[in-house]
There are 2 protein chains.
Amino acid sequence: MSDAEIDRIFQALADATRRDIIRQVMRTEQSVSTLAGNYQMSFAAVQKHIAVLERASLVGKERRGREQIVHGNPEALRRAARLLDAYGDIWRQRADRIGDILSESPKE
Amino acid sequence: MSDAEIDRIFQALADATRRDIIRQVMRTEQSVSTLAGNYQMSFAAVQKHIAVLERASLVGKERRGREQIVHGNPEALRRAARLLDAYGDIWRQRADRIGDILSESPKE
DNA sequence: CTCATGTACAACCATTTGGTTGTAGGTTAG
DNA sequence: CTAACCTACAACCAAATGGTTGTACATGAG
C-alpha cells in the first residue's frame with residue numbers, strides 16, 4: 001500500500017460529512033441525490049465529497065436507471081480496516097511502553 | 001470525542017512525513033532539529049508538521065536545555081488507537097455483509 | 001563575554017480544499 | 001414529445017496546506 005494511497009484514505013476520513021456518507025452507504029446503498037438530501041450544503045458539494053471518497057476507493061458508484069447509486073467498496077474497506085488496525089496496534093504497544101520505559105528493564 | 005478532534009487526528013495522519021515523525025518519536029523521543037535532519041525539507045517545514053501533530057495532541061514537546069524534545073503522547077495515542085480500531089471493526093463487519101446481502105435473509 | 005546552536009515566528013507563495021452558482025446532458029414519467 | 005429529475009462539470013471564491021526565506025531570541029559551549 002503506497003504512501004499516496006494511505007494519504008488519500010486518511011485525507012478522505014478527515015471530514016465529518018465524508019465519514020457520515022461512508023456510514024450511510026455502508027448501511028444502505030443510496031443515490032447521490034438521496035445522500036445530498038441529508039446535508040445542508042449544495043448538491044455539488046456533496047458530489048465533491050463523494051468524489052474524494054471515490055479517489056480513496058472507499059466507495060464506488062453504479063449507474064442504475066437515471067440515478068447513480070453509491071455503495072461502500074468491501075475490498076477497499078477491508079484493506080483500510082487492516083491499515084487502521086495496524087496503526088492502532090503499534091500505537092497501543094508504544095503508548096504502553098512509554099510509561100514503563102524508566103521503571104522496566106529496557107528490552108530490545 | 002468531538003468531530004473536530006477526529007478531523008484533526010485523521011488530518012494529521014494524511015501526510016507521509018507526519019506519519020514518519022510519529023513513528024520516530026514513538027520509538028525514541030527526539031529534538032526538533034534532530035527530527036528535521038531526517039527530511040529534505042526546511043527546518044521550518046518540519047516545525048509546521050510537528051505543530052499539526054501537536055494540534056491533534058498526538059505528540060507533545062518538552063523543553064530540555066536549549067533543545068525542544070518531541071515525544072509521543074501515550075494517552076492520546078491510545079485514544080486514537082481505539083478510534084481507528086472502532087472504524088476497522090465496523091468496516092470489516094459491513095464489508096463482510098455487503099457480499100452476503102443478496103444470498104442471506106435480510107435481517108434488521 | 002562571545003559565538004554557535006536550537007527554536008520560534010512572520011511574511012510570502014503556489015496549490016488544494018470546501019464551498020458556491022450556473023449550465024448542460026441524459027433518462028424517465030406522463 | 002415535453003417536462004421534470006438526476007447528474008456532471010466548469011468557473012469562481014475564500015480559506016487552509018505545505019512549502020520557502022528571513023529575522024529575532026534564548027541558551028549552552030568555550
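Quick caveat, the model's predicted, so the values are computed rather than measured. Throughout, a chain's letter reflects where its sequence line sits, starting with A, and its residues are numbered from 1.
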Visitor: Hey, does A/V70 have a side-chain heavy atom less than 4.5 Å from the side chain of A/Q30?
Guide: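 The answer is no, as the side chains (C-beta and beyond) never meet within the 4.5 Å cut-off.
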
Visitor: Can you find a side chain N or O atom of A/Q47 that sits less than 4.0 Å from OP1 or OP2 on D/dA8?
Guide: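 Answer is yes, contact under 4.0 Å.
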
Visitor: Under 4.0 Å between a side-chain N or O of B/S42 and OP1 or OP2 of D/dT20?
Guide: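 True: B/S42 side-chain N/O within range (under 4.0 Å) of D/dT20 OP1/OP2.
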
Visitor: Any chain of hydrophobic side-chain contacts (each under 4.5 Å) joining A/Y87 to B/L83?
Guide: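 Yes, because A/Y87 and B/L83 connect within a single hydrophobic cluster, where side-chain heavy atoms sit under 4.5 Å apart.
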
Visitor: For DNA chain C, find the residues of residues 49-61 of chain A with a heavy-atom distance under 4.0 Å and give them by number; none if there aren't any.
Guide: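 Those residues whose heavy atoms fall under 4.0 Å from DNA chain C, taken from residues 49-61 of chain A in numerical order, are A/H49.
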
Visitor: side-chain contact (heavy atoms from CB on, under 4.5 Å) between B/I9 and A/F10: does it pass, once the steps are laid out?
Guide: CA-CA 9 Å; B/I9 289 179; A/F10 281 124; over 6 Å; no

Visitor: Can you tell me how far the CG atom of B/L58 sits from the CE atom of B/M26, to the nearest 0.5 Å?
Guide: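 So the gap between those two atoms works out to 9.5 Å.
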
Visitor: By nearest nucleotide on DNA chain D, pick out whichever of B/G65 and A/A44 is the more 5' one.
Guide: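 Final value for this comparison: A/A44.
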
Visitor: Whole angstrom is fine here: how far is it from CZ in B/R63 over to C1' in D/dG28?
Guide: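 After rounding, the gap between these two atoms is 12 Å.
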
Visitor: Using a cut-off of strictly less than 4.0 Å between a heavy atom of the residue and any atom of DNA chain D, enumerate the qualifying residues of residues 9-17 of chain A by number.
Guide: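 Here the set is empty: none.
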
Visitor: Output the rounded distance in Å from CZ (B/R66) to P (D/dA24).
Guide: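 Result: 21 Å.
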
Visitor: Does a side-chain N or O from B/R18 land closer than 4.0 Å to OP1 or OP2 of D/dG18, or not?
Guide: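 It does, given that an N or O in the side chain of B/R18 lies less than 4.0 Å from OP1 or OP2 of D/dG18.
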
Visitor: Does the pair B/D7 and A/R19 meet the rule for a side-chain contact (heavy atoms from CB on, under 4.5 Å), with working shown?
Guide: CA-CA 10 Å; B/D7 283 4; A/R19 288 194 298 274; 2.8 Å; yes

Visitor: Could you tell me the separation between the CZ atom of B/F43 and the P atom of D/dT20, rounded to a whole number of Å?
Guide: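 Value for this atom pair: 13 Å.
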
Visitor: Picking from A/R18, A/K61, A/R8, A/K48, what satisfies salt bridge (Lys or Arg N to Asp or Glu O under 4.0 Å) with A/E54?
Guide: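 The residue from A/R18, A/K61, A/R8, A/K48 that satisfies salt bridge (Lys or Arg N to Asp or Glu O under 4.0 Å) with A/E54 turns out to be A/K61.
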
Visitor: For A/D7 and D/dT17, give me the distance from atom CG to atom C1', rounded to whole Å.
Guide: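 Between C1' of D/dT17 and CG of A/D7: 13 Å.
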
Visitor: Please report the distance, rounded to the nearest Å, between OH in B/Y39 and C1' in D/dT20.
Guide: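 In whole Å, D/dT20 C1' lies 19 Å from B/Y39 OH.
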
Visitor: Could B/R55 and B/E5 be called an ion pair, given the rule that one side-chain N must be under 4.0 Å from one carboxylate O?
Guide: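 Answer for the salt bridge query: no.
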
Visitor: Between A/E62 and A/Q68, do the side chains contain a donor N or O and an acceptor N or O under 3.5 Å apart?
Guide: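 No, because no side-chain N or O of A/Q68 sits under 3.5 Å from a partner of the opposite role on A/E62.
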
Visitor: Looking at every non-hydrogen atom in both residues, tell me the closest pair between B/A81 and A/R92 and how far apart they are.
Guide: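 Smallest interatomic distance, heavy atoms only, reads CB-NH1, 3.8 Å.
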
Visitor: Rounded to whole Å, how long is the line connecting atom CD of A/Q40 with atom P of C/dG19?
Guide: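 About 12 Å, once rounded to whole Å.
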
Visitor: Has A/S33 got a side-chain N or O lying under 4.0 Å from the OP1 or OP2 atom of D/dT7?
Guide: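 So the side chain of A/S33 is within the cut-off, an N or O lying under 4.0 Å from OP1 or OP2 of D/dT7.
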
Visitor: Could you tell me the separation between the NZ atom of A/K48 and the P atom of D/dC9, rounded to a whole number of Å?
Guide: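 Nearest whole value for this atom pair: 12 Å.
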
Visitor: Without decimals, in angstroms, what is the distance between B/R64 CZ and D/dA26 C1'?
Guide: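 Those two atoms, CZ and C1', are 18 Å apart.
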
